[in-house]
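Here is the structure we will look at.
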Amino acid sequence: MSLDFEAIVRLCRIANRYDLQGSLLSLEVINSPEIERLLREASAYRQPEVYVQGQQQHCALSSIPAGAAVELRFDGLVSNNKVFATNLKSLLSYQRGLFLVTAPPEYFLLEENYATGDPTVPDLIRAYQRLPKLFELLRSVADVVIDEGTSSPTFVLLSGKRLDISVSYDVGTLGFMPSGESIDEMLVELGGAPFIDAKKNIFKKVTIRLLDTVPVETRFDTFVRCFETLRDLFAADLELYITEFDFEKVREGFEQKRLTFILQLNNATSDLLTKILAIPIAQGLVVSQFKNEATAVLGNIALFLGSLVFATLAILLIVNQQQSLSQIKQEIRIEEDALQRRFPGLHQRLDRMFDVLKRRAWLHAWMFPIVIGCLLSATTLYSGYAFFKVPPGSKMFETRGPMSVEGDGAGTREFRGAAKPGPVVGKSSVPRVGGPVSH
């Protein structure tokens, strides 16, 4: 505080009685050297009139006996830089709200006994001192500020609708002023990356939604009273926005990975089918090569062993496919666990997609191998059946009924098995089945 202003404040604080009517400040003090000193310092700002028992004194204060009751009248206290007010309410209404937005550089409130710079600050005055931060917050999100720099600016928010917030409040509003920490946190949140523009837009939308139906003259009052509610709504909408943003981002990444998993599953199964479907066909060809000739024993055994080798190779291919699919399923589980750990909410929304992917992996891991295994078992058993049912070198047919032949007779023969009928030796010639007999 300036020396002259501080001197008047000191006189107010030691006065027995004070009264402020407009620009006239009256103080009743007990004359003393201290009063004389303060009066000299105060005269640099305003020279007071001195009264003793209601009579104005035109002599120096030093000529008045010490201990006498003296009335000091400071008239013309109308400065906008050094303001004396009865209380905070009077300060807010000073010159039609001149100090609603910005406090004067120096001011003294008689009832609150508070002057600028005092270490102890009453709660309402502390709330009044937080107003500039709140205005800074509104200014940071406003699209337009009407009458900027005046005592009654209007903050215009545009987001789907237009909302005008005019600075109009009273002492009662200050009782609901949010804490400085709350305002600072909101300022940091709105100005901090990422999503700076999105945050400001969300804040405007929440504010419009909250104050749209409130009359213009009470909107600022409602804004102050509902500031914490507004912060909660902002936090909820911001979380939803970030969740949607993260969801789309994670969903896009997961979609790429899902397609990769599907391709891996299809490739593993297609590779198995390409290699293994030739094996049952090869086993069928093996069966068709069995011969009943005595000289084909080793060949038949080799063919049968070849069929078993084919079956063994098929089993190894199925086992290899199972290991590949097991690795793919493990990667799917790792991806799901990572998403559930980092983004539980997003995991719930993608849970169905994971279920579909896991069912697809199960289908590739079990259904295809089961069907292929059944086909392979059937062809292997059939080749074994063909080998043991008609051993190499066995007679593939037998004679049924007598053959009546006169001279060199011949009979008809009935075939068995898959062997072709062989020649039959007669008495005088070697006829073929069903052919004429020579006599």
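When the side chain to side chain contact (heavy atoms under 4.5 Å, CB included) test is applied to Asp170, the partners found at least two apart in sequence or on another chain are Thr173. Looking at residues two or more places apart in sequence or on another chain, you find a salt bridge (charged side-chain N to carboxylate O under 4.0 Å, His left out) between Glu71 and Arg73. Residues that satisfy the side chain to side chain contact (heavy atoms under 4.5 Å, CB included) test with Val121, not counting sequence neighbours, are Tyr114, Ile125, Arg126, Gln129. Among residues two or more places apart in sequence or in another chain, the side chain to side chain contact (heavy atoms under 4.5 Å, CB included) test is passed with Ala69 by Ile30. Remark: Asp184 pairs with Lys133 by the side-chain hydrogen bond (donor to acceptor under 3.5 Å, both in side chains) rule, at least two apart or across chains. In terms of the side-chain hydrogen bond (donor to acceptor under 3.5 Å, both in side chains) criterion, Thr222 has no residue partners (sequence neighbours excluded). In this view, Asn201 and Ser159 satisfy the side-chain hydrogen bond (donor to acceptor under 3.5 Å, both in side chains) rule, not counting sequence neighbours. Looking at residues two or more places apart in sequence or on another chain, you find no side-chain hydrogen bond (donor to acceptor under 3.5 Å, both in side chains) involving Gln327.
Residues Phe74 and Gln47 fail the side-chain proximity criterion, which asks for heavy atoms closer than 4.5 Å. You'll find the side chain of Asp221 stays beyond 4.5 Å of the side chain of Ser168, heavy atoms only. Thr154 has its side chain out of reach of Ile165: every pair of non-hydrogen atoms, C-beta onward, lies at least 4.5 Å apart. Residues Ile8 and Cys12 have side chains in contact (heavy-atom distance under 4.5 Å, counting atoms from C-beta outward).
Pairs passing the side-chain hydrogen bond (donor to acceptor under 3.5 Å, both in side chains) check and including a residue from residues 52-67, sequence neighbours excluded, do not occur. Counting only residues at least two apart or in different chains, salt bridge (Lys or Arg N to Asp or Glu O under 4.0 Å) contacts with residues 15-24 comprise Arg17-Glu28.
Considering CD1 of Ile196 and OG of Ser140, their distance stands at 11.0 Å, rounded to 0.5 Å. The structure places CG of Leu138 at 7.5 Å from OG1 of Thr207, a figure rounded to the nearest 0.5 Å.
There is no side-chain donor-acceptor pair under 3.5 Å between Ser166 and Glu217.
For NZ of Lys205, the number of neighbouring non-hydrogen atoms (other residues, nucleotides, ligands) closer than 6.0 Å is 12 at most. Atom CD of Glu239 is surrounded by 12 or fewer heavy atoms from other residues, nucleotides or ligands within 6.0 Å. Heavy-atom neighbours of Lys329 NZ from other residues, nucleotides or ligands within 6.0 Å: above the threshold of 12. By the 6.0 Å contact criterion, CZ on Arg231 is enclosed, its count of non-hydrogen atoms from other residues, nucleotides or ligands being greater than 12.
A salt bridge links Arg209 with Asp237; the closest basic N to acidic carboxylate O contact falls under 4.0 Å. For the pair Glu6 and Arg10, the salt-bridge criterion is not met [side-chain N within less than 4.0 Å of a carboxylate O]. Looking at Arg333 and Glu336, no side-chain N of the basic residue comes within less than 4.0 Å of a carboxylate O on the acidic one, giving no salt bridge.
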Please tabulate, for the side chains in residues 100-112, all donor-acceptor contacts under 3.5 angstrom to protein atoms that are two or more places apart in sequence or on a different chain.
unit_1: Glu106; atom_1: OE1; unit_2: Ser2; atom_2: OG; d: 3.3
unit_1: Glu106; atom_1: OE2; unit_2: Ser2; atom_2: N; d: 2.5
unit_1: Glu111; atom_1: OE1; unit_2: Asn87; atom_2: ND2; d: 3.1
unit_1: Glu112; atom_1: OE2; unit_2: Leu88; atom_2: N; d: 3.1

Could you pull out all donor-acceptor pairs under 3.5 Å where a side-chain atom in residues 367-377 meets a protein atom, sequence neighbours excluded?
unit_1: Ser377; atom_1: OG; unit_2: Gly373; atom_2: O; d: 2.8

Show, in sequence, the C-alpha distance, side-chain angles and deciding distance for Asn113 and Arg13, and conclude whether the side chain to side chain contact (heavy atoms under 4.5 Å, CB included) test is met. CA-CA 7 Å; Asn113 193 24; Arg13 285 176 169 168; 2.9 Å; yes
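In this structure, Phe223 and Phe203 have perpendicular ring planes: the angle between them is above 60°, well past the 30° mark. Relative orientation of the Phe195 and Tyr241 rings is perpendicular, given thresholds of 30° and 60° on the angle between their planes.
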